[in-house]
Number of protein chains: 2
Amino acid sequence: MSELESIKQNFVTQWGALGSQWGVNRTMAMIHSLLLVSTDPLTTDQVMEELAISRGNANTNLRELASWGLIRSVVVRGQRKDFYEAEKDVWKMFCIVARERKRRETEPASKVLQNCVERAQRLKTKEAKELSKQLKELNEFVELANSIMDKVASKEKSALVPKLLKLLG
Amino acid sequence: MSELESIKQNFVTQWGALGSQWGVNRTMAMIHSLLLVSTDPLTTDQVMEELAISRGNANTNLRELASWGLIRSVVVRGQRKDFYEAEKDVWKMFCIVARERKRRETEPASKVLQNCVERAQRLKTKEAKELSKQLKELNEFVELANSIMDKVASKEKSALVPKLLKLLG
DNA sequence: CTAAAATTTCACTAATTATTGAAAATAAAT
DNA sequence: ATTTATTTTCAATAATTAGTGAAATTTTAG
């Protein structure tokens, strides 16, 4: 294997491992990183070959990545097979992940919390008030984080990061 | 079961499920949420009882939570058993998680990326330059995120959030 | 010291999650 | 319309991760 391929493989493996720590399945993270460092769009068969995985696995995770918007299929002139390429702009990648995680995960979580708070507020004991207070604080934090993520993910990096760094000292 | 207990149980279950989506094991998330809404510190036996889990499981996850700094053991006068209580301040919780994830996960990830970049920079082909550029961008983002998290997690909520919201419009 | 209580460890098992691969479905070409 | 290429699905299986419980260790009290 060439040094170039070896570097790419190392990156793909490590990125896959990092993914699992953050609740992303290993194959999905590996396909994503493979496409991130690939010069050209790849077919399902090429992904299968590169990562030594089955067609079903490749297909499922390619579709999942596409549903997140992290990769897209492109048509290659004179070819019937689908080709996939990754969004390579790191800031855009981050914005996509932030928005999707918010939509799929933290917004539903906030709904659950909100519901718990409402139920707790109906009760009048001291312990219920304490519970209600704690859950309210947690929910306020989740909603704050959601709102900040939304705003951050809607801005240009160049318009945000310098100001942010200045603010943070 | 009382309405109060039912609310708590609902919260514990849902928080556990959310945890898994973010790479935290279910039991750990459940113990954390149980202690978050508990009026008093709890012993291992009480945690076992409440969540219907084994001693080994309870012990392991209590220690893990303590190693993160999300819970601490407290001594209760006249009692030999260890009691545990959660850090209940949500902002502090967030700071702890941010710092620990940085230390345990994103800093090592950045080291890996840095290493890949160095190796790629030694190569002189067009493709190696492309790879090097892409990995460098990724690493710069990871380091930026690390540095921002660090700064955010070292500030008082009251001193940061209002300014941040103003900046974001 | 030593006996009881409490905690920790870890080999085994259970539960969950990921992956395969072949069949079914769909799409494209002739 | 039929054949061939391609994609999708999904039941079966593999791999991974989490959890158990009893034995070993450590701590505390007398």
Side-chain angles (χ1 to χ4, degrees), chain A residues 12-35 41-68 70-85 104-105, chain B residues 12-35 41-68 70-85 104-105:
Chain A
V12 168
T13 308
Q14 302 276 167
W15 204 244
L18 193 71
S20 351
Q21 293 185 307
W22 289 80
V24 176
N25 107 26
R26 204 172 50 93
T27 306
M28 188 168 145
M30 286 170 75
I31 295 179
H32 183 225
S33 54
L34 176 66
L35 291 173
L42 303 180
T43 63
T44 301
D45 291 78
Q46 288 173 307
V47 171
M48 287 164 61
E49 164 81 17
E50 291 280 343
L51 303 179
I53 59 176
S54 72
R55 183 171 304 282
N57 196 10
N59 180 267
T60 305
N61 285 292
L62 282 165
R63 310 200 81 230
E64 184 69 2
L65 281 164
S67 91
W68 276 71
L70 289 168
I71 68 174
R72 54 189 158 261
S73 64
V74 293
V75 281
V76 172
R77 190 191 139 73
Q79 296 267 224
R80 274 170 69 169
K81 287 184 182 172
D82 288 348
F83 285 72
Y84 297 93
E85 68 178 10
R104 298 174 187 223
E105 294 157 16
Chain B
V12 168
T13 308
Q14 302 277 167
W15 204 245
L18 192 71
S20 349
Q21 295 184 307
W22 289 79
V24 175
N25 106 27
R26 207 171 48 94
T27 305
M28 187 168 145
M30 285 171 75
I31 295 179
H32 183 225
S33 54
L34 176 65
L35 291 174
L42 302 181
T43 64
T44 301
D45 291 78
Q46 287 173 309
V47 170
M48 287 164 61
E49 164 80 16
E50 290 281 343
L51 303 178
I53 60 177
S54 72
R55 183 172 303 284
N57 194 12
N59 181 266
T60 305
N61 284 292
L62 282 166
R63 310 199 80 228
E64 184 68 3
L65 281 165
S67 91
W68 276 71
L70 288 168
I71 67 174
R72 56 191 157 258
S73 64
V74 293
V75 280
V76 172
R77 189 192 141 71
Q79 294 269 222
R80 273 170 71 169
K81 287 185 182 172
D82 289 347
F83 284 72
Y84 297 93
E85 69 179 8
R104 298 173 188 225
E105 294 158 15

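Here is the naming used below: chain letters follow the sequence lines, and residue numbers restart at 1 for every chain.
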### Task
Do nucleotides 24-30 of chain D as a string where each nucleotide becomes B, S or -: B if the base has a protein heavy atom under 4.0 Å, S if just the sugar-phosphate does, - if no protein is that close.
----BS-
What is the distance, to the nearest angstrom, from the [atom1] atom on [X] to the [atom2] atom on [N]?
{"X": "B:K81", "N": "C:dA4", "atom1": "NZ", "atom2": "P", "answer": "17 Å"}
{"X": "A:E64", "N": "D:dT9", "atom1": "CD", "atom2": "P", "answer": "12 Å"}
{"X": "A:Q79", "N": "C:dA27", "atom1": "CD", "atom2": "C1'", "answer": "16 Å"}
{"X": "A:N57", "N": "D:dA15", "atom1": "CG", "atom2": "P", "answer": "13 Å"}
{"X": "A:L62", "N": "D:dT8", "atom1": "CG", "atom2": "P", "answer": "9 Å"}

Inter-residue atom distance [X].[atom1] - [Y].[atom2], 0.5 Å rounding:
{"X": "A:N57", "Y": "A:L62", "atom1": "CG", "atom2": "CG", "value": "9.5 Å"}
{"X": "A:I71", "Y": "A:L34", "atom1": "CD1", "atom2": "CG", "value": "10.0 Å"}
{"X": "A:M30", "Y": "A:Q14", "atom1": "CE", "atom2": "CD", "value": "10.5 Å"}
{"X": "B:L35", "Y": "B:E85", "atom1": "CG", "atom2": "CD", "value": "9.0 Å"}
{"X": "B:W68", "Y": "B:R104", "atom1": "CH2", "atom2": "CZ", "value": "5.0 Å"}
{"X": "B:W22", "Y": "A:E105", "atom1": "CH2", "atom2": "CD", "value": "6.0 Å"}

### Query
Any side-chain N or O of A:N59 under 4.0 Å from OP1/OP2 of D:dT8?
yes
For [X] versus [Y], what's the shortest heavy-atom pair and its separation?
{"X": "B:S20", "Y": "B:R26", "answer": "OG-CG, 4.3 Å"}
{"X": "A:V12", "Y": "A:S33", "answer": "CA-OG, 3.4 Å"}
{"X": "B:A29", "Y": "B:G16", "answer": "CB-CA, 3.7 Å"}
{"X": "A:K81", "Y": "A:F83", "answer": "O-CD1, 3.3 Å"}

#### Entry: Residue list, salt bridge (charged side-chain N to carboxylate O under 4.0 Å, His left out) with A:E49, at least two apart or on another chain
none
### Message
Between the opening five pairs and the closing five pairs of the helix from C:dC1-D:dG30 to C:dT30-D:dA1, how far apart are the helix axes, to 10°?
### Response
20°
### Task
State which residues pass side chain to side chain contact (heavy atoms under 4.5 Å, CB included) with A:R55; sequence neighbours excluded, sorted by chain then number.
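If we apply the side chain to side chain contact (heavy atoms under 4.5 Å, CB included) test to A:R55, skipping adjacent residues, the hits are A:T44, A:D45, A:M48.
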### Message
Contact list please: residues 47-56 of chain A against DNA chain D, heavy atoms, distance less than 4.0 Å, in numerical order.
### Response
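The answer is A:R55, A:G56.
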### Query
Tell me, which of residues 15-35 of chain A have any heavy atom that sits under 4.0 Å from an atom in DNA chain D?
none
### Summary
Partner of B:N61 under side-chain contact (heavy atoms from CB on, under 4.5 Å), picked from B:L51, B:I53, B:T27, is B:T27
